[in-house]
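Below is one structure, written out as structure tokens; the observations come after it.
As the structure is a prediction and not an experimental result, all values here were calculated from the model. All values below were derived from every heavy atom in this structure, side-chain atoms included, with hydrogens, water molecules and symmetry-related copies excluded. Lettering follows sequence order; numbering is per chain, from 1.
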Amino acid sequence: MGAATKTVQLLQGNAACARAALAAGCRFYAGYPISPSSEIAEVMARLLPPAGGKFIQMEDEIASLGAVIGASLAGVKGMTATSGPGFSLMQEHIGYACYAEVPCVIVNVMRGGPSTGLPTLPAQGDVMQARWGTHGDHPAIALCPSTPAEVYELTVLAFNLSERLRTPVILLMDEVVAHMYEKVDMRRLANLPVENRARPTCEPGKHAAFTPGADGVPVMAPFGDGYRYHVTGLAHDDRGYPTQDPKLVAATNRRLQEKTVRNREGLMRYELLDTEDAEVIVFAYGIVAAAARRAVREARKQGIRAGLFRPITLWPFPGEELAAACAGASRVIVAEMNLGQMSGEVQRVIGRSKDVESCLKADGEAISPEEILLAIEGKEVRHV
Amino acid sequence: MFDFREYLRMEMFPHMLCPGCGHGIVLGALLRAIHSLKLTKDEIVVVSGIGCSSRLAGYVDFNTLHTTHGRPLAFATGIKLARPELTVIVITGDGDGLSIGGNHLIHAARRNVGLTCLLLNNQIYGMTGGQFAPTTQIGRVSTTSPKGQYETPFDSCKLAEAAGASFVARGITYEPSALEKLIVAAIENKGFSFLEVASDCPEFFGRFNKLGNPADQILMQKQNVVDVEAAAALPAERLRGKMLTGILHHEPRPEYGAVYAESVA
């Protein structure tokens, strides 16, 4: 039998993502080749047909996400994967999926930017784009794994959250995590719970397509099951019909924003390492968190009380959790592979009582533990 | 008995199209075609993009999806692959389908995905106030070609055929019953069917170009075309400057889903 049945597997980040998508019930993949995400499409092209799913290589990234949204509306869980330039092209459809409330998963393996940038080198320059890339106010969920095993787990979570909240979920990997191989114990991962969107139980004709339930999420009917309704990217009422009524527009826009607030439980994921007594907290995510973990341990050996706050859910931003973790610390260092995108967010959360220090890099190279250690030691400190 | 009200969301009326707009004639033909094919409302999905013609999707009582500008064929491809048993009809316009969405059109045609694409060609961007489109004929006035259009227009039917559509046809709103038959044939074709329909825009195209009242403009369509079968017997000079109507190309080949199932097995 194949690798899927082995207890311990050697898994690459991108391959872990594809396998997890299958396990989460994904049966539709549409994508356009782009480094460093291509292995996800390659694995999906092999694994989807025997699972009864469909794979299609579309003409571009815009079409890819369009096709995924179409498949999802027809009742089939869908995913696409890309990198920076393709992620930029997908932004309009991310907004569409937010507004029309269509579950889908978008994987962005971040490479150096802007523009064509550094096609096969790592970066974390798309974290703000994942939040605000599409126009207008909208909810955003972005998850950021730091190991191939976590890629697997968060891909399943991405599908679950997407199905639960009827919203697109973005999985943000950096190139290192995507291409890293790791021995992964599949025993727990293979049995992660899988969630499916709620479907209407009422008679067709009585289903109000966008009337929210108690959790703010409307029940979703797939096309073709007798619940005929209208879906549009225009501002719409509870039937899905276009409207410009300020009250209705305001209510929907607010409800969409609040989906991630009202359902915060199960959504906010983060990891704390030695933060209880920490004087210095390092904030790092993705592969940088792996370097930060090592730096924190080294610092502890030197007697510096360092700790790590690793956001796993980047959006919504785990502000309350971060503020609590940083309350007793005198210094906060943000280490990230960009020019300070999350540093501003961290500063906003911890307030002006202490200046966020930063350890930043946007040159195509990963940040090393030594560089973060220097920052912890206060030898190389930059303020945002 | 055909009753158009059975297929419309009457609660959506009055509609937002301008008086004299030809799009309603196309919608009427589409509904009669669906009725004559005895398709149920539940098995039909109508997908549209952005523009005047794309707003038709909101008024019909099917599964309806009003997507983004230029991308309805991409969404429709996902739906068709996910639920092959559904009849997926795409309504697009000349700007939506040939300009911003031109790439999706040629690739949907190349793949021969089982979709029926109705492209309503009124030679203008109506929703945004009357700018020229990729089908605007040379010399025609629009808000962005105030001295007359100078870019060469697309012949969308030739484009679709060259890209691999297995069914290509052109109809006009002057001939709604012929149009209905073309739509029936387009839906019956298993692969990608492309149907361009000349429609009029009295509010912008007609007014800017002083083409008379809506009836005059519909009549003009008749004067601008020759039926493809009649054309075979006509000398070349009689066809100069004329568009061909009718079924222009029908070469059935296996639909994308069937090819896919066989190829990945």
Can you tell me which portion of A/Phe55 sits under 4.5 Å from chain B's heavy atoms? Options are side chain, backbone, both or neither. both

Greatest number of heavy atom pairs closer than 4.5 Å to chain B - which of A/Glu92, A/Arg228, A/Lys54: A/Arg228

Look at A/Asp225 together with B/Arg83 and state whether they make a salt bridge at an N to O cut-off of under 4.0 Å. yes

Looking only at heavy atoms and a cut-off of under 4.5 Å, which of A/Ile56, A/Val76, A/Leu48, A/Leu65 has the most pairs with chain B? A/Ile56

Whether over 12 other heavy atoms sit under 6.0 Å from B/Arg253 CZ: yes

Parallel, tilted or perpendicular, as decided by the 30° and 60° cut-offs, for the rings of A/Tyr96 and B/Phe75: perpendicular

Part of B/Leu86 within contact of chain A (heavy atom distance under 4.5 Å): side chain

Shortest non-hydrogen contact from B/Ala82 to A/Ala74? CB-CB, 3.8 Å

If I measure from the heavy atoms of chain A, does B/Arg110 come under 4.5 Å with its side chain, its backbone, both, or neither? neither

CD/A/Glu203: more than 12 non-hydrogen atoms of other groups inside 6.0 Å: no

Output the distance between atom CG (B/Asn63) and atom NE2 (A/His230), rounded to the nearest 0.5 Å. 12.0 Å

Within a 6.0 Å radius of atom CZ on B/Phe62, are there more than 12 heavy atoms belonging to other residues, nucleotides or ligands? yes

Residues B/Arg111 and A/Met58: closest non-hydrogen pair is NH2-CA, 3.4 Å

Quick check for you: among A/Thr232, A/Leu73, A/Val68, which has the greatest number of heavy-atom pairs under 4.5 Å with chain B? A/Thr232

Would A/Asp60 and B/His104 count as a side chain to side chain contact (heavy atoms under 4.5 Å, CB included) here? Give the steps. CA-CA 9 Å; A/Asp60 59 30; B/His104 310 306; 3.5 Å; yes

Residues 254-264 of chain B vs chain A, non-hydrogen distance cutoff under 4.5 Å, contacting residues -> B/Tyr256, B/Tyr260, B/Val264

Between atom OH of A/Tyr29 and atom CG of B/Leu81, what is the distance when rounded to the nearest 0.5 Å? 14.5 Å

When the 4.5 angstrom heavy-atom criterion is applied to A/Pro242 and chain B, the contacting part is side chain

So do A/Arg239 and B/Glu11 actually touch side chain to side chain, heavy atoms under 4.5 Å? yes

Report, in residue-number order, which members of residues 15-51 of chain B are under 4.5 Å from chain A by heavy-atom distance. B/Lys41, B/Asp42, B/Val45

Hey, which of B/Ala108, B/Gly78, B/Gly70 has the most heavy atom pairs under 4.5 Å with chain A? B/Gly78

In this structure, OG1 of B/Thr77 is separated from CD of A/Glu59 (nearest 0.5 Å) by 7.0 Å

